[in-house]
Visitor: 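Pasting a structure here, questions to come.
Side chains included, hydrogens not; waters and symmetry mates left out as well; all remaining heavy atoms used. Atoms within each ligand, like the ligands themselves, are counted from 1 in listed order.
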Amino acid sequence: MGSINSLIRENVKSLRPYSSARDEYKGGSAVFLDANENPWFAPLNRYPDPRQRNLKKIISKLKSVNEENIFLGNGSDEAIDIIIRAFCEPGTDNIVSVDPSYGMYEVTAAISNVEYRRVQLGEDFSLDHNRLRQSSDQGTKIIFLCSPNNPTGNSFSNEDIRRIFTWFKGLLIVDEAYIDFSDKPGFLDELDRFDHLVVLQTLSKAWGRAGIRLGMAFGDKEVIEAMNKIKPPYNINTLTIDEAIRTLRNVKEMNRRVKEITEAREMLAVQLGKLPMVRKVYPSDANFLLVRVDDADKLYGYLSDKKIIVRNRTTATGCENCLRITIGKGEEIRLLLEALQGF
Ligand SMILES: *Cc1c(COP(=O)(O)O)cnc(C)c1O
């Protein structure tokens, strides 16, 4: 067993996972009298495949990652929770991440009673490598990096991210929820090089399937095995599996919409930059723009009154008076700009 094994919590290592009916009989069609299912109401009367083999086959091809290196969660949020519970001993271990970033890392760590350390980003929201290093210690099991980052929209330099492996012995989790909106290569190609790397992706953003809840974690076989061991047996339901398979077959449609969204993003950035109350539009590799304005609370209230809802991020570190605006359809953008021009 390699160094991953030494990072896994002792109780998880010794855990004998629940073995479901579908785990114990792996053959094809048969008379199924093993899972106390109702024989009527097919096909949803049956439990889903706990290992989601058909779906993983498609993801494996699409991402060029072996099936044994893929974990599927009920959204990335479940993958985040499961990885924390597999690796972080409550009250002892800690997690390091940057600030501002995706709020779920901190909340999920807190639910598991795992200390969460925030490392402030630089002025332009770039990674401060030295501060990251200084904040990590022997108890740091996980570093979360969201790139492109939410809510700032920028990506961290791949070189900066790679440098973390020169000193960090825990798991580096790169959350690539927005990677399809970026021109920069993600980290999937580097999984072979770094066995302590885990990449998170999701169907919620570029694929337009936030409603079905499907998140993907890619990593070393030992990491994926530890996660599989503690996941609920049927965490991905049949409707989600079927819809995900349909969705992932249509890469063309996804690419077409992503192109539309990124073009609209660049157009909106220019238009916003011309408005008198806008101080700065931050560059974005995602499907949203972070915009600094004169008075975020006031502008947020004004837009809400007009039934245009954006995200007020003014309380996030380094985001004073910033609104986060998701790129909508052309008509939605037009309504937004019209409202802003009347402010
Ligand atoms: C939206 C988002 C996700 C997606 O989470 P799901 O649970 O898969 O919907 C993950 N990470 C970040 C940073 C996000 O902004």
Side-chain angles (χ1 to χ4, degrees), residues 52 55-56 59 63 70-85 95-109 111 116 118-119 121 125 127 142-156 161 171-182 184 186-188 197-219 227 231-232 235-237 239-241 243-244 247-248 254 257-258 261-262 265 282 284-290 309-313 316-317 319 322-328:
Q52 308 104 17
L55 176 52
K56 278 185 190 161
I59 295 172
K63 304 284 177 183
I70 304 171
F71 171 88
L72 299 181
N74 186 351
S76 317
D77 289 346
E78 188 185 47
I80 291 165
D81 179 47
I82 286 182
I83 207 159
I84 290 175
R85 284 194 285 131
I95 292 171
V96 171
S97 189
V98 295
D99 189 29
S101 194
Y102 187 42
M104 279 305 286
Y105 313 137
E106 181 163 11
V107 172
T108 313
I111 292 168
Y116 184 86
R118 308 163 176 216
V119 178
L121 290 172
F125 299 130
L127 203 60
I142 294 174
I143 292 178
F144 277 106
L145 281 185
C146 182
S147 183
N149 190 32
N150 181 4
T152 58
N154 62 306
S155 308
F156 303 121
I161 297 177
L171 293 181
L172 174 60
I173 303 182
V174 180
D175 186 342
E176 297 187 339
Y178 299 99
I179 194 69
D180 295 304
F181 301 105
S182 166
K184 302 184 180 83
F187 272 83
L188 277 187
L197 170 68
V198 176
V199 174
L200 298 181
Q201 293 188 3
T202 177
L203 260 64
S204 295
K205 308 286 157 64
W207 292 98
R209 288 292 180 275
I212 72 171
R213 314 304 302 129
L214 191 80
M216 305 169 273
F218 303 94
M227 294 176 77
K231 81 177 182 72
N235 63 326
I236 312 295
N237 70 73
L239 298 173
T240 294
I241 291 174
E243 181 59 25
T247 301
L248 293 169
M254 184 274 276
R257 294 300 188 193
V258 163
I261 290 167
T262 50
R265 176 187 74 203
Y282 289 90
S284 170
D285 285 336
N287 66 337
F288 57 83
L289 287 168
L290 188 74
I309 316 303
V310 298
R311 199 85 199 270
N312 187 353
R313 297 277 75 185
T317 309
C319 296
C322 285
L323 299 177
R324 192 193 69 189
I325 304 174
T326 304
I327 309 304

Visitor: Using the side-chain hydrogen bond (donor to acceptor under 3.5 Å, both in side chains) criterion, which residues pair with Thr240? Sequence neighbours excluded.
Guide: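 For Thr240, the residues satisfying side-chain hydrogen bond (donor to acceptor under 3.5 Å, both in side chains) (neighbours in sequence not counted) are Asn237.
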Visitor: Quick one: does Thr152's side chain have a donor or acceptor within less than 3.5 Å of a partner on Phe125's backbone?
Guide: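 No, the answer is negative, given that no donor and acceptor are paired below the 3.5 Å cut-off.
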Visitor: Counting non-hydrogen protein atoms only, what is the nearest one to atom 11 (N) of ligand 1? Give residue, atom name and distance.
Guide: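 Nearest protein contact, heavy atoms only, for atom 11 (N) of ligand 1 is Asp175 OD2, 2.7 Å.
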Visitor: Residue-level breakdown please: for Arg213 versus ligand 1, do any non-hydrogen atoms fall below 4.0 Å on the side chain, on the backbone, on both, or on neither?
Guide: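 Side chain only.
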Visitor: Under the side-chain hydrogen bond (donor to acceptor under 3.5 Å, both in side chains) rule, collect the residues that match up with Ser76, sequence neighbours excluded.
Guide: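 Per chain and number, Ser76 pairs via side-chain hydrogen bond (donor to acceptor under 3.5 Å, both in side chains) with no residue.
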Visitor: Given that the side chain starts at C-beta and the backbone is N, CA, C, O, which of these parts of Asp77 lies under 4.0 Å from ligand 1, counting heavy atoms, or is it both or neither?
Guide: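 Both parts.
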Visitor: Are Glu78 and Lys231 within salt-bridge range, i.e. N to O under 4.0 Å?
Guide: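 Looking at Glu78 and Lys231, the cut-off is not met.
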Visitor: Looking only at N/O atoms, are Thr202 and ligand 1 under 3.5 Å apart anywhere?
Guide: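 Yes; the residue has a nitrogen or oxygen that sits under 3.5 Å from a nitrogen or oxygen of the ligand.
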Visitor: Any idea which protein heavy atom is nearest atom 5 (O) of ligand 1, and the distance to it?
Guide: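 In this structure, atom 5 (O) of ligand 1 has Ser76 OG, 3.6 Å as its nearest protein heavy atom.
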Visitor: Using a 4.0 Å heavy-atom cut-off, which part of Cys146 comes near ligand 1: side chain, backbone, both, or neither?
Guide: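 Near ligand 1, Cys146 shows its side chain, while the N, CA, C and O stay back.
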Visitor: Could you tell me, atom by atom, which parts of ligand 1 come under 4.0 Å of a heavy atom of Asn150?
Guide: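 Answer, ordered by atom number: 15 (O).
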Visitor: Tell me which part of Lys205 gets within contact of ligand 1: side chain, backbone, both or neither, using heavy atoms under 4.0 Å.
Guide: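 It is the side chain that touches ligand 1; the backbone stays farther off.
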Visitor: Suppose we measure from atom 15 (O) of ligand 1 to each protein heavy atom; which comes out shortest, and what is that distance?
Guide: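 Looking only at protein heavy atoms, the one closest to atom 15 (O) of ligand 1 is Tyr178 OH, 2.6 Å.
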Visitor: As an exercise, identify every atom of ligand 1 less than 4.0 angstrom from a heavy atom of Ala177.
Guide: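 Close to Ala177: 2 (C), 3 (C), 10 (C), 11 (N), 12 (C), 14 (C).
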Visitor: Between Tyr105 and Tyr116, is the ring centre distance below 6.0 Å?
Guide: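 Between Tyr105 and Tyr116, the centre distance exceeds or equals 6.0 Å.
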Visitor: Can you confirm whether the side chains of Asp175 and Gln201 place a donor and an acceptor under 3.5 Å from each other?
Guide: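 Gln201 and Asp175 do not have a side-chain donor-acceptor pair below 3.5 Å.
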Visitor: Just so I know, are the side chains of Asp285 and Phe181 near enough to count as touching, which here means a heavy-atom distance under 4.5 Å?
Guide: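 No - every pair of side-chain heavy atoms lies 4.5 Å or more apart.
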Visitor: Between Tyr178 and Phe288, is the ring centre distance below 6.0 Å?
Guide: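 Judged by ring-centre distance (under 6.0 Å), Tyr178 and Phe288 do meet the cut-off.
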Visitor: Distance to 0.1 Å, residue and atom name: give those for the protein heavy atom nearest to atom 9 (O) of ligand 1.
Guide: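 Protein heavy atom at minimum distance: Ser204 OG, 2.6 Å.
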